[in-house]
Amino acid sequence: MIAVPVWVLAIAVLGLALIAVLIAAVLRRRKQTGIEEALTEISLDSIRDVVIADGMDGEIHLEVLVLTAQGLLVLDIKDVRGSVFVGERLNDWKVIDGIQRYSFPNPLNALAERVAAVRHNAVDMPCEGIVLFGPNAAISGTPPPGVCLPDDLVERFPKPGERERRQLSEAYAPHWSRLRSLCRRP
């Protein structure tokens, strides 16, 4: 029998552990829902990159407006990579990706203004807003209300079955059509 030094066994075990961690990371990344997949999963219909009256003699830009089974959803998409530090009352949100660090203004107030504009134009439909981070973001701590990742969005706004989907589409059709007619390209 050949005696193997302990340090060789330790290196082999560490190597196997590293390979297992890498495989787990790849599998976890594959399971994450991307932004486009999440939007496809939750939407009955959607409008992108439009301007709508804000109800105060002005206009406001909507990045994505989605018709879901629960009503209207105004999305502010932040497709960033790294750890994201967010807070309802923070003025700036921070992103840290390795040595790269940057911040951007808290989008929740602007999102609330977009939701108010949509509600003004679609009074007969429920409406809410979400800041949606991409799958490469890791939100530090518990995200504030109105902030989520694609997997959370799909869980929160499940697409109904085909029969219910047709019923909802018919029920929402006149309101959605009217709202679409009020939107224009910037």
Side-chain angles (χ1 to χ4, degrees), residues 26-56 59-81 84 86-88 93 106-186:
V26 167
L27 291 175
R28 186 179 30 214
R29 178 161 276 159
R30 280 189 192 158
K31 291 181 182 179
Q32 291 176 332
T33 305
I35 293 170
E36 292 305 319
E37 293 87 356
L39 293 179
T40 299
E41 183 67 29
I42 69 165
S43 74
L44 300 174
D45 198 1
S46 65
I47 308 170
R48 292 174 184 248
D49 192 28
V50 294
V51 176
I52 193 166
D54 65 4
M56 296 181 289
E59 293 180 324
I60 198 160
H61 179 260
L62 303 176
E63 186 174 357
V64 181
L65 178 61
V66 181
L67 177 61
T68 72
Q70 289 83 17
L72 298 170
L73 180 61
V74 178
L75 290 176
D76 185 353
I77 298 174
K78 302 292 184 196
D79 196 7
V80 301
R81 175 181 299 276
V84 184
V86 302
E88 206 168 354
W93 290 3
N106 180 337
L108 290 175
N109 290 333
L111 181 62
E113 291 173 8
R114 290 181 180 96
V115 169
V118 171
R119 285 182 179 151
H120 169 77
N121 288 283
V123 292
D124 297 328
M125 295 182 75
C127 180
E128 64 181 290
I130 299 275
V131 176
L132 178 63
F133 283 94
N136 294 317
I139 300 172
S140 181
T142 303
V147 176
C148 69
L149 295 168
D151 287 332
D152 305 322
L153 187 72
V154 170
E155 185 178 310
R156 193 165 160 197
F157 295 91
K159 193 179 237 180
E162 190 57 39
R163 182 177 180 197
E164 186 182 358
R165 182 181 173 163
R166 279 194 309 270
Q167 291 172 339
L168 286 167
S169 291
E170 288 174 16
Y172 286 144
H175 307 293
W176 180 245
S177 178
R178 180 182 172 279
L179 184 59
R180 285 184 74 112
S181 72
L182 297 173
C183 296
R184 68 172 184 78
R185 297 283 171 205

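All values below come from the heavy atoms of this structure, side chains included, with hydrogens, waters and symmetry mates left out.
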(request) Quick one: closest heavy-atom pair of D49 and P186, and the distance? (result) O-CD, 3.2 Å

(request) Please name the pair of heavy atoms, one in A137 and one in V84, separated by the smallest distance, quoted to 0.1 Å. (result) CB-CG2, 3.9 Å

(request) Not counting sequence neighbours, which residues clear salt bridge (charged side-chain N to carboxylate O under 4.0 Å, His left out) with R156? List them please. (result) E128

Mind listing the side-chain donor-acceptor pairs of residues 107-118 below 3.5 Å, one per line with the distance, residues two or more places apart or on another chain?
| residue | atom | partner | partner atom | Å |
| --- | --- | --- | --- | --- |
| R114 | NE | H61 | O | 2.8 |

(request) Would you confirm whether N106, through its side chain, and G87, through its main-chain N or O, come within 3.5 Å as a donor-acceptor pair? (result) yes

(request) Return the set of residues passing side-chain contact (heavy atoms from CB on, under 4.5 Å) with P145 (not counting sequence neighbours), or none when no residue passes. (result) E88

(message) Give me the atom names and distance for the closest heavy-atom approach of G134 to P150.
(response) C-CD, 4.0 Å

(message) Are the side chains of V86 and V131 in contact, using a 4.5 Å heavy-atom criterion?
(response) no

(message) In the structure I gave you, are the side-chain heavy atoms of L179 and L65 within less than 4.5 Å of one another anywhere?
(response) yes

(request) With rounding to the nearest 0.5 Å, note down the distance linking CZ in R119 to CG in L72. (result) 9.5 Å

(request) Taking all heavy atoms of Q70 and all of P126, pick out the closest pair and write down the distance. (result) O-CG, 3.2 Å

(message) Nearest 0.5 Å, please: how far is CG in D152 from CZ in F157?
(response) 11.0 Å

(request) Can you measure from NZ (K78) to CD1 (I139) and round to the nearest 0.5 angstrom? (result) 12.5 Å

(message) Within the structure provided, determine whether L73 and L153 are in side-chain contact (heavy-atom separation under 4.5 Å).
(response) yes

(request) Locate the shortest heavy-atom distance separating C148 from I130; write the atom from each residue and the value. (result) SG-CG2, 3.5 Å

(message) Between R178 and N121 (side chain of the first, backbone of the second, donor and acceptor by atom type, cut-off under 3.5 Å), is there such a pair?
(response) yes

Validation: residues 163-177 side-chain donor-acceptor distances under 3.5 Å, sequence neighbours left out:
| residue | atom | partner | partner atom | Å |
| --- | --- | --- | --- | --- |
| S169 | OG | R165 | O | 3.0 |
| Y172 | OH | A69 | O | 3.3 |
| Y172 | OH | G71 | N | 3.4 |
| W176 | NE1 | D45 | OD2 | 2.8 |

(request) Can you measure from CZ (F133) to CD1 (I35) and round to the nearest 0.5 angstrom? (result) 10.0 Å

(request) Supply the atom-to-atom distance E37 CD to D151 CG, rounded to the nearest 0.5 angstrom. (result) 10.0 Å

(message) If you compare all heavy atoms of V74 against all heavy atoms of C127, which two are closest, and at what distance to 0.1 Å?
(response) CG2-SG, 3.9 Å

(request) Taking the side chain as every heavy atom from C-beta outward, state whether V64 and L132 have any pair of such atoms under 4.5 Å apart. (result) no

(request) Using salt bridge (charged side-chain N to carboxylate O under 4.0 Å, His left out) as the criterion, list what pairs up with R185, not counting sequence neighbours. (result) none

(request) Report yes if the side chains of V147 and W93 come closer than 4.5 Å at any heavy-atom pair, otherwise no. (result) yes

(request) With the side chain counted from C-beta on, respond yes when P135 and T33 share a heavy-atom pair under 4.5 Å apart, and no when they do not. (result) no

(request) For residues 59-71, pull every pair meeting salt bridge (Lys or Arg N to Asp or Glu O under 4.0 Å), keeping only residues two or more places apart or in separate chains. (result) E59-R184

